[in-house]
Amino acid sequence: MGDRWEEGLHMGEEGRVRVHGWVSEVRDLGRIRFVVLRNWREKVQLTLKRGVTPDELFDLTDELTQESVIEAIGEEVAEKRAKAVDREVIPSKVIVHSIADPKLPMDPNWKVPAQLPTRLDNRPLDLRRPEVQAIFKIEASLIHGMEDWLRENGFLRVFTPAIIGAASESGAEVFRVKYFDREAYLRQDPQLHRQLTVIGGFERIYDLGVNWRAELSHTPRHLSEFRSIAVELAFIENEQDTMRVEESMIRAGIQRVVEERSRELELLGIQLEIPNVPFPELRFPKVYDILEEMGKEVEYGEDYDTESEKLLWQYVRQEYGSDFFFVNRFPFKAKPFYVMKEDDMWARSVDLLYKGLELSSGGQREHRYEVLLSQIVEKGMNPKNLEWFTKFFAYGAPPHGGFAVGIERLTMKMLNLQNIKEAALFPRDPERVLP
RNA sequence: GCCCGGGUGGUGUAGCCCGGUUAGCAUAGGGGCCUGUCGAGCCCCAGACCCGGGUUCAAAUCCCGGCCCGGGCGCCA
């Protein structure tokens with residue numbers, strides 16, 4: 001919409017245009033002044049000359065401060081002396097919408113870079129930086145590409161609830177909310193309701209939405225509130241079917257970024273390659289051998305740690321030249337009750353890793369009612385607490401599986417961002433809920 | 001939650017080890033000069049040691065506590 005609207009602002013006759021933006025800079029050279037406007041598409045320079053520009057208009061720019069918001073009407077001129085801007089306009093009229101306080105808490109022009117906490121404290125100013133806008137333009141294209149692929153392949157977008165009456169599957173801490181006279185929780189993952197939707201007869205679905213984790217995580221890769229694109233599909237043969245969907249979806253997202261966002265990628269200095277599919281797959285228990293070769297002992301039957309993820313990435317890069325890889329057949333003891341077992345020890349449970357970071361968990365789910373119940377008992381959980389979920393498996397459940405990809409994590413790794421908070425507009429962590 | 005590191009003008013930093021003049025610099029801000037700047041330039045002005053306690057003749061500097069921030073781990077996406 002922004003694009004079309006902006007085009008409409010070119011008034012056509014005699015190069016007359018209407019431009020708008022935030023004042024990036026006022027360069028006062030005495031009898032000539034340049035006002036550089038920044039908007040989300042471009043930089044426009046307004047040029048005012050004493051004696052040529054009407055005095056009223058020239059003097060109006062006295063009050064213009066950095067980050068003030070104005071519109072201008074004037075003649076666009078072809079001016080090769082204007083180097084660091086996209087266009088130059090000789091204004092005949094300027095409309096001042098807002099004069100910014102000259103004492104800014106940070107500099108959107110980035111002459112003095114601000115630290116991340118300062119940036120986040122002043123996020124609306126930080127967001128004006130083209131480099132920051134590029135992140136979110138890329139993220140939008142990424143999601144569009146993934147969603148389009150899902151739609152083209154028969155997946156239906158659904159919305160599952162964010163407020164749930166029973167703490168969901170994993171051991172991760174949940175946010176408690178007051179729900180009328182009861183307690184309820186914010187979802188950590190749309191997983192269980194996705195499964196119930198499939199049991200409801202929707203054979204291919206995805207939920208693009210928000211998840212919350214109340215963990216006191218202080219790391220550059222955790223948020224208290226994050227978004228995921230979560231897919232579930234029925235009548236699968238095994239977990240391989242979910243992996244094929246996942247890698248194709250991600251490939252399509254990245255392809256869309258490459259197609260639509262070359263300018264933004266260049267601005268961020270990122271050379272993005274469209275990944276080859278299928279992604280390499282590592283399996284337990286072979287993972288233990290690989291790690292041992294890399295000089296890392298992980299006890300047989302145990303889950304691996306953060307360091308192992310990085311080592312496996314090194315291994316996959318050497319062996320397959322890929323930044324993406326699946327890890328399959330995790331030990332059942334390390335995974336939730338609902339995963340499908342391959343045998344007594346290993347599960348059809350799949351993580352996707354990207355540059356050494358876990359992007360998603362997924363795989364095939366256990367759809368057989370009796371088996372599901374016995375796995376709950378095996379996990380030492382009270383079947384009563386999960387009855388709201390499990391009872392529907394008694395009324396006909398197809399074999400199914402799925403996964404949830406963390407959007408901020410994918411964006412972060414794709415753009416080599418140092419902190420996941422850079423990939424969230426207004427990130428939430430244990431310390432930050434404002435702005 | 002545990003461990004490690006750090007808090008100096010609006011922003012970003014130097015100084016801290018080895019305590020001692022007016023706490024330096026850049027940028028933003030205020031004032032001035034300049035008709036093609038584009039990280040504009042030049043001159044002038046103003047602006048800071050996180051909070052509390054302790055050691056000392058003397059603390060930005062050393063010690064203790066608190067608060068805040070960053071990183072590592074765990075947990076996960």
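In the text below, chain A, chain B and the rest are named by the order of the sequence lines, each starting its count at 1.
At the phosphate of B:A40, OP1 or OP2 sits under 4.0 Å from a side-chain N or O atom of A:K111. The shortest distance between the side-chain N/O atoms of A:S360 and the OP1/OP2 oxygens of B:A77 is not below 4.0 Å. Put simply, A:T306 has a side-chain N or O that comes within less than 4.0 Å of OP1 or OP2 on B:G74. Between B:G71 and A:N419, a contact under 4.0 Å exists linking OP1 or OP2 to a side-chain N or O. Taking side-chain N and O atoms only, A:Q188 has no distance below 4.0 Å to OP1 or OP2 of B:C75. Look at A:R432 and you won't find any side-chain N or O under 4.0 angstrom from OP1 or OP2 of B:G70.
Side-chain N or O atoms of A:R365 include none that pairs as donor or acceptor with a backbone N or O of A:Q195 at under 3.5 Å.
Each of B:U35, B:U37, B:A77 was ranked by its minimum atom distance to the side chain of A:K83; first place goes to B:U37. Here the nucleotide nearest the side chain of A:S217, chosen from B:C73, B:G36, B:C75, is B:C75. When distances are taken from the side chain of A:E88 to each of B:G12, B:A77, B:U37, the shortest belongs to B:U37. When each of B:C73, B:G29, B:U27 is scored by its nearest atom to the side-chain atoms of A:T219, the top-ranked nucleotide is B:C73. Listed nucleotides B:U35, B:C73, B:A40 differ in distance to A:I32; the shortest reach to its side chain belongs to B:U35. Out of B:G36, B:G29, B:G1, the shortest distance to the side chain of A:L29 is found at B:G36. Nearest nucleotide to the A:T118 side chain, out of B:G12, B:C75, B:G71: B:G12. Checked against B:C69, B:G1, B:A26, the side chain of A:H218 finds its nearest nucleotide in B:G1. In the set B:G74, B:U37, B:A77, the nucleotide with an atom closest to the side chain of A:D305 is B:G74. When distances are taken from the side chain of A:E431 to each of B:C69, B:G74, B:G39, the shortest belongs to B:C69.
In this structure, A:F326 atom CZ and B:A77 atom C1' are separated by 15 Å, rounded to whole Å. Computed from coordinates, the A:L434 CG to B:C68 P distance equals 15 Å when rounded to whole Å. Note: NE2 (A:H222) to P (B:C73) measures 10 Å, nearest angstrom. At whole-Å resolution of the value, CG in A:D107 and C1' in B:G9 are 16 Å apart. The distance from atom CG of A:D62 to atom P of B:G29 is 15 Å, rounded to the nearest whole Å. The nearest whole Å value for the distance from the CG atom in A:L216 to the P atom in B:C3 is 14 Å. Look at CE on A:M106: it is 14 Å from P on B:G29, rounded to the nearest Å. Regarding A:L116, its CG atom lies at a distance of 18 Å from the P atom of B:C68, rounded to whole Å.
When the C1' atom is used for both B:C49 and B:C45, the distance is 22 Å, rounded to whole Å. Taking atom P on both nucleotides, B:A14 is separated from B:C73 by 26 Å, rounded to a whole Å. With C1' as the reference atom, B:U8 and B:C2 are 30 Å apart, rounded to whole Å. The P atoms of B:C50 and B:C57 are separated by 25 Å, rounded to the nearest whole Å. Annotation: B:U22 and B:C64 have their P atoms spaced 29 Å apart (nearest Å). For the C1' atom pair drawn from B:U27 and B:G65, the interatomic distance equals 36 Å after rounding to whole Å. Rounded to whole Å, the P atom of B:G32 lies 40 Å from the corresponding atom of B:C16. The same atom, C1', is picked in B:C25 and in B:C63; the two are 31 Å apart, to the nearest Å.
Using a 4.0 Å heavy-atom cutoff across all strands shown, A:K421 reaches sugar-phosphate atoms only and no base atom. At the heavy-atom level, A:R227 lies nowhere under 4.0 Å from the strands shown. Nucleic acid contact for A:R33: none, since no nucleic acid atom lies under 4.0 Å from a heavy atom of the residue. Among the protein residues, A:E408 comes within range of no part of the nucleic acid, since none of its heavy atoms lies under 4.0 Å from any strand. Among the heavy atoms of the strands lying under 4.0 Å from A:D28 is at least one base atom, whether or not backbone atoms are also near. Within 4.0 Å (heavy atoms only), A:L410 reaches no atom of the nucleic acid at all.
Remark: B:C73 base-pairs with B:G1; criterion is Watson-Crick or G-U wobble with both hydrogen-bond distances under 3.5 Å. In this structure, B:G12 and B:C25 make a Watson-Crick or G-U wobble pair, each of the two defining distances being under 3.5 angstrom. Using the Watson-Crick or G-U wobble rule with both distances under 3.5 Å, B:C68 pairs with B:G6. Across all strands shown, B:U37 remains unpaired; no Watson-Crick or G-U wobble contact has both distances below 3.5 Å.
You won't find any donor-acceptor pair under 3.5 Å spanning the side chain of A:E25 and the base of B:U37, going by distance alone. For B:C76, the base has a donor-acceptor partner in the side chain of A:R409 [N/O atoms by modelled type, under 3.5 angstrom]. A donor N or O paired with an acceptor N or O is found under 3.5 Å between the base of B:A77 and the side-chain atoms of A:R213. The base of B:G36 is paired with the side chain of A:K49 by a donor and an acceptor separated by under 3.5 Å.
Nucleotides of RNA chain B nearest to A:W110 and A:L223 differ in position, and the one nearer the 5' end is that of A:W110. Checking A:E307 against A:P113, the closest nucleotide of RNA chain B that is more toward the 5' end is the one next to A:P113.
The two residues A:V339 and A:Q375 have their closest heavy-atom pair at O-NE2, 3.0 Å.
Residues A:E260 and A:K137 have side chains not in contact (no heavy-atom distance under 4.5 Å, counting atoms from C-beta outward). At least one side-chain heavy atom of A:S224 sits less than 4.5 Å from a side-chain heavy atom of A:P430. Using a 4.5 Å heavy-atom threshold, the side chains of A:M249 and A:V405 count as touching.
Between the side-chain ring of A:F226 and the base of B:A77, a stacking contact exists by the 5.5 Å and 30° definition.
No close placement of the A:F325 and A:F279 rings is indicated, their centers lying 6.0 Å or farther apart. Annotation: A:Y304 is in aromatic contact with A:F330 [ring centroid separation under 6.0 Å]. In summary, the aromatic rings of A:W313 and A:Y320 are positioned with their centroids too far apart to meet the 6.0 Å limit.
Taking the six-membered ring where the residue is Trp, A:Y354 and A:F324 present parallel rings, their angle staying beneath 30° rather than reaching 60°.
The salt bridge (Lys or Arg N to Asp or Glu O under 4.0 Å) test with A:E408 singles out one residue from A:K421, A:R227, A:R221, and that residue is A:R227.
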